[in-house]
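Worksheet: the structure to be examined is printed underneath.
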There are 2 protein chains.
Amino acid sequence: MSSMQIIPPALERLIKSLSSLPGVGAKTATRLALNILRRPVSDARELADALAQLHSSIQLCSRCMTFSETDPCAVCADQRRDASIICVVEQPSDLMAIEKTDGYRGHYHILHGVLSPVDGIGPEEIKIKELLARIQSNTVAEVFIATSSTVPGEATASYLIDRLQPFPIRLTRLACGIPMGMDIKYADQYTLAKAIESRSNVLKNP
Amino acid sequence: MSSMQIIPPALERLIKSLSSLPGVGAKTATRLALNILRRPVSDARELADALAQLHSSIQLCSRCMTFSETDPCAVCADQRRDASIICVVEQPSDLMAIEKTDGYRGHYHILHGVLSPVDGIGPEEIKIKELLARIQSNTVAEVFIATSSTVPGEATASYLIDRLQPFPIRLTRLACGIPMGMDIKYADQYTLAKAIESRSNVLKNP
């Protein structure tokens, strides 16, 4: 008897649907589906409703391109934030990560991807056109490029630096170096090399 | 600005709902929700439908208590299986794991839990009454106890052995020992002690 018959079709369908999520394999999907089945039907219904309403409630902010239920989004609409700085990130999750630090009070621009010629993702496939439009029409003083320090993230940053060079704005990039609290002997050689290259002066008796 | 305002409410709702799944923390839930949002709305709808139909399609098999869309379930209805052996497991997922081995051709009984006095789970809270009814009414020759070799799994096995001793049936228990392919120096001392205690004779020139 195959496992297709042992597992009820309705359960199999949920397992298959859950397996399509990133980082969720067949075993995890089975565990999650069985857990949902053991819990009250109201829990499954709540999750189903949340899923069903997700796309209809959320759109892209027409300014920064982040996911939002309002347009402009809460960040773009916040008068207390500094609209003269635009922090360019790859994804809305990067915006959330930066917001969590409470260390940035400017605006954002979400690219929704990185340049990756092998995957067929060129400048037209990500929100670069929209970024250029903002810089041209607005009073932007600084563009702070906060793409990842991965190969495609760095390539995207280089491309943006080339494209933005002509504008009379300050261009900055997220610093690379040793993570806070890390013993340097555990840092990889590339990070360590970057941290040495980017070493900063220490002020004695300032 | 709190993260509640940065994350759109519809997304926050899905993240919260996903976080209630076992082994899914806030970070994983956020990653999953953002992935669902980036994918076509049809994917979210499929997952929502699968969730919505789960509980209505699936019930417990009235014989073995496993999750099934039919009653009796596919295993109980299969005439080629040996109905005189009942394998007692904790959860439907254990049945699936045993079926995958292709090494068992009898019937099952799902307890839907283990005895755990500290959590208030006594014999009445799991499907022991139903197991006793099957043994009393049926022509059962063997009860094969396949609860986990954890403390509550062993306690449940001991309790079942006590309760089933009066019946004229064979009582068996899943073997404990060194996992296949494991170097014994990596086995924990309890497993190794159990493997020594349960050592079997090797037949020379049988």
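Note that this is a predicted model, so its numbers are computed, not measured. Every chain is numbered from 1 and lettered A, B, ... according to where its sequence line falls, protein lines coming before strand lines.
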One should read off an interatomic distance between B/Ile36 CD1 and A/Ser20 OG, to the nearest 0.5 angstrom, of 8.0 Å
Most contacts with chain B, counted as non-hydrogen pairs under 4.5 angstrom, among A/Val24, A/Ile58, A/Leu18
A/Ile58
Can you give me the closest heavy-atom contact between B/Arg39 and A/Pro22, atom names plus distance?
NH1-CD, 4.4 Å
Return the CD1 to SG distance between B/Ile7 and A/Cys73, rounded to the nearest 0.5 Å.
12.5 Å
Exercise: identify the closest heavy-atom pair between B/Leu37 and A/His55:
O-NE2, 3.2 Å
Give the member of B/His112, B/Gln53, B/Arg38, B/Lys16 that has the highest number of heavy-atom pairs under 4.5 Å with chain A.
B/Arg38
Inter-residue atom distance B/Leu51.CG - A/Leu47.CG, 0.5 Å rounding:
5.0 Å
I'd like to check A/Ser93 versus B/Arg31 (side-chain heavy atoms, cut-off strictly below 4.5 Å). Are they in contact?
no
Among B/Ile15, B/Asp49, B/Thr30, single out the residue with the greatest number of heavy-atom pairs under 4.5 Å to chain A.
B/Asp49
Is the closest side-chain donor-acceptor distance between A/Ser57 and B/Arg13 under 3.5 Å?
no
Heavy-atom pair of closest approach, residues A/Pro8 and B/Ser68
CG-CA, 3.7 Å
Using a 4.5 angstrom heavy-atom cutoff, name the option from B/Glu69, B/Gln91, B/Glu46 with the most pairs to chain A.
B/Glu69
If I take atom CD1 from residue B/Ile6 and atom CD1 from residue A/Ile98, how far apart are they, to the nearest 0.5 angstrom?
11.5 Å
Can you confirm whether A/Met96 sits close enough to B/Leu34 that some side-chain heavy atom of one is under 4.5 Å from a side-chain heavy atom of the other?
yes
Nearest heavy-atom contact between A/Asn35 and B/Leu21 is OD1-CD2, 4.4 Å
